[in-house]
2 protein chains.
Amino acid sequence: MKPEASPYRSSCPLSKALDLVGDKWSLVIVRDMCLGKKRYGDFQSSPEGIPTNILANRLRQLEENGIIKKQAYQDKPVRHEYLLTAKGADLLPILQQLVLWTQKYDADCWTPPAGFLTAKPEDLLVD
Amino acid sequence: MKPEASPYRSSCPLSKALDLVGDKWSLVIVRDMCLGKKRYGDFQSSPEGIPTNILANRLRQLEENGIIKKQAYQDKPVRHEYLLTAKGADLLPILQQLVLWTQKYDADCWTPPAGFLTAKPEDLLVD
DNA sequence: CAATGTCGCTTGCTTATTGCAAGTGACACC
DNA sequence: GGTGTCACTTGCAATAAGCAAGCGACATTG
């Protein structure tokens, strides 16, 4: 058998991270989840206006990569909510650094909700 | 006159950061520059194997966004090297967090060069 | 109880971006 | 003059993004 081709460009920890969340939408979804959003419609209504097919695709990928988990919150019809795993919650420091960076170099941006910059990953877990 | 359409999806500091560096290659180039690489060929020879047209494109974008600057290091023929600006150097904490995140959840990745995780943005500036 | 509405997607199609390979211009070297 | 290097550019096929419309499972309304 031939060895399965790695989906990663290299084993550099930076490039591996970017292979998982290095696109324009994944971290926007994670941001929303850090802010307490859970449902498909919540993510759709964010100001960036993510296209619905891309949202569905990213939720699938994030779940495959262990960053979020999907669980039913009702039957009939079955509906799901999306929650951060520990791995997903640990993306928070990255989001915080990205926010700090933009704030330093671009005055024309919103101030994040109170507590966002001081929150810790464990605060995001429901347990 | 109609107001110029913003290139940003929103004024959220996170999404604005991703509008600039939210792709699979930009931060790989910044990583290389943090490691002392300066020239076109240096970036091409990184293990991820960036396609040459994308490299040229990203260097142009990074320069337009004030993250790197291009300066000649010789005439005849004119050749340039690429250096981080203060804004680019300040991406270092983001890279470090991305590295820490991968290291925490993926044992199968390289260890960054000594000092990478403890470096500070100001260490990267030549002046 | 048919009609309308909501939620969470999927499908089809167009456009934009990526990736690969080959080519080019300005030189240096032999 | 021929070959090589460096830093790109160009052409083209493959992949991904973005837009609009559709759809299935119900709840609600008249």
Side-chain angles (χ1 to χ4, degrees), chain A residues 5-10 12 15-16 18-30 32-33 36-65 68-83, chain B residues 5-10 12 15-16 18-30 32-33 36-65 68-83:
Chain A
S6 169
Y8 299 107
R9 291 170 295 173
S10 82
C12 164
S15 83
K16 281 192 135 183
L18 295 174
D19 286 334
L20 297 189
V21 297
D23 69 275
K24 295 221 182 301
W25 290 112
S26 295
L27 291 184
V28 168
I29 296 169
V30 173
D32 283 352
M33 297 181 72
K37 296 187 179 183
K38 293 181 177 62
R39 290 156 56 161
Y40 197 89
D42 293 338
F43 306 128
Q44 273 193 103
S45 62
S46 282
E48 290 80 15
I50 185 168
T52 181
N53 55 339
I54 294 183
L55 175 56
N57 174 272
R58 287 304 185 282
L59 288 170
R60 208 175 303 128
Q61 288 179 201
L62 289 169
E63 196 188 0
E64 282 169 11
N65 291 325
I68 66 177
K69 56 178 179 276
K70 184 180 184 176
Q71 63 175 39
Y73 66 88
Q74 69 168 38
D75 298 339
K76 306 196 350 181
V78 197
R79 297 216 184 286
H80 300 91
E81 60 187 7
Y82 298 92
L83 300 172
Chain B
S6 169
Y8 298 107
R9 292 170 294 173
S10 80
C12 165
S15 83
K16 281 191 136 184
L18 295 174
D19 286 334
L20 297 189
V21 297
D23 70 277
K24 296 223 182 301
W25 291 112
S26 295
L27 292 183
V28 167
I29 296 169
V30 173
D32 283 351
M33 296 182 74
K37 297 188 178 182
K38 292 181 176 60
R39 288 156 58 160
Y40 197 89
D42 294 336
F43 306 127
Q44 273 192 101
S45 63
S46 283
E48 290 81 13
I50 185 169
T52 181
N53 55 340
I54 294 183
L55 175 56
N57 174 272
R58 289 302 187 281
L59 288 170
R60 209 174 302 127
Q61 288 179 198
L62 289 169
E63 196 189 359
E64 283 169 8
N65 292 324
I68 66 176
K69 57 177 178 275
K70 186 180 184 176
Q71 63 174 40
Y73 66 88
Q74 69 168 37
D75 299 339
K76 305 198 347 181
V78 197
R79 296 216 185 286
H80 300 90
E81 61 187 7
Y82 298 92
L83 300 173

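Letters go in sequence order (proteins before strands), and every chain restarts at 1.
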At under 4.0 Å between heavy atoms, what does [X] touch on the DNA or RNA strands: base, sugar-phosphate, or nothing?
{"X": "A:Asn53", "answer": "base"}
{"X": "A:Arg9", "answer": "nothing"}
{"X": "A:Tyr82", "answer": "sugar-phosphate"}

Starting from [atom2] on [N], measure out to [atom1] on [X] and report it in whole angstrom.
{"X": "A:Ile50", "N": "D:dA17", "atom1": "CD1", "atom2": "C1'", "value": "11 Å"}
{"X": "B:Arg79", "N": "D:dT5", "atom1": "CZ", "atom2": "C1'", "value": "7 Å"}
{"X": "B:Ile54", "N": "D:dT10", "atom1": "CD1", "atom2": "P", "value": "16 Å"}
{"X": "A:Glu48", "N": "D:dG18", "atom1": "CD", "atom2": "P", "value": "12 Å"}
{"X": "B:Asp75", "N": "D:dC6", "atom1": "CG", "atom2": "P", "value": "18 Å"}
{"X": "A:Tyr73", "N": "D:dC26", "atom1": "OH", "atom2": "C1'", "value": "12 Å"}
{"X": "A:Asp19", "N": "D:dA16", "atom1": "CG", "atom2": "P", "value": "13 Å"}

DNA chain C: 5'-proximal contact among A:His80 and B:Asp23 (nearest heavy atom):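 The residue closer to the strand's 5' end, by nearest nucleotide, is A:His80.
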Please compare A:Gly41 and B:Asn57 by the position of their nearest nucleotide in DNA chain C and report the one closer to 5'.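 Result: A:Gly41.
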Any side-chain donor-acceptor pair under 3.5 Å between A:Arg79 and A:Tyr40?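 There is no such pair between these side chains.
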Pairing of DNA chain C as dot-bracket, 5' to 3': ( ) intra-strand, [ ] crossing, | other strand, . unpaired, with Watson-Crick or G-U pairs under 3.5 Å? ||||||||||||||||||||||||||||||
Is the shortest side-chain N/O distance from [X] to OP1 or OP2 of [N] below 4.0 Å?
{"X": "A:Trp25", "N": "D:dA16", "result": "no"}
{"X": "B:Tyr40", "N": "D:dT9", "result": "no"}
{"X": "A:Arg58", "N": "D:dA17", "result": "yes"}

Check: A:Asp23 side chain, A:Ser26 main-chain N or O, donor-acceptor pair, under 3.5 Å: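 Yes, because the side chain of A:Asp23 sits within donor-acceptor range (under 3.5 Å) of the backbone of A:Ser26.
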Side chain B:Ser46, main chain B:Glu48, donor-acceptor under 3.5 Å: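 No; judged by distance alone, with no hydrogens or angles, the pair does not exist.
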Here's a test of your reading of the structure: between A:Gly49 and A:Pro77, which maps to the more 5' nucleotide of DNA chain D?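 Of the two residues, A:Gly49 wins.
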Who pairs with A:Asn53 by side-chain contact (heavy atoms from CB on, under 4.5 Å), at least two apart in sequence or on another chain?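 Counting only residues at least two positions away or on another chain, A:Asn53 forms a side-chain contact (heavy atoms from CB on, under 4.5 Å) with A:Pro51.
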Please determine if B:Lys16 forms a cation-pi arrangement with B:Tyr8, meaning its NZ or CZ atom is less than 6.0 Å from the six-membered ring centre and no more than 45° off the ring axis.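 The answer is yes, since B:Lys16 meets both limits relative to B:Tyr8.
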Check step by step if salt bridge (charged side-chain N to carboxylate O under 4.0 Å, His left out) holds for A:Lys24 and B:Asp19. CA-CA 7 Å; A:Lys24 295 221 182 301; B:Asp19 286 334; 5.1 Å; no
Under-4.0 Å salt bridge between A:Lys38 and A:Asp32: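 Answer for the salt bridge query: no.
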Nearest 0.5 Å please: distance from the CD atom of A:Glu81 over to the NZ atom of A:Lys69.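 NZ of A:Lys69 is found 10.0 Å from CD of A:Glu81.
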From A:Asp42 CG over to A:Tyr82 OH, what is the distance, rounded to the nearest 0.5 angstrom?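 Those atoms lie 11.5 Å apart.
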Side chain of B:Ala56 - closest among D:dA21, D:dT5, D:dT9: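 For B:Ala56, the side-chain atoms sit closest to D:dT9.
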Looking at side-chain heavy atoms only, is the closest gap between B:Ile50 and B:Val28 below 4.5 Å?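 No, their side chains stay 4.5 Å or more apart.
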Walking along DNA chain C from 5' to 3', note the first and the last nucleotide with an atom under 4.0 Å from a heavy atom of chain A, and give both.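 Listing 5' to 3', DNA chain C meets chain A from C:dC7 to C:dG12.
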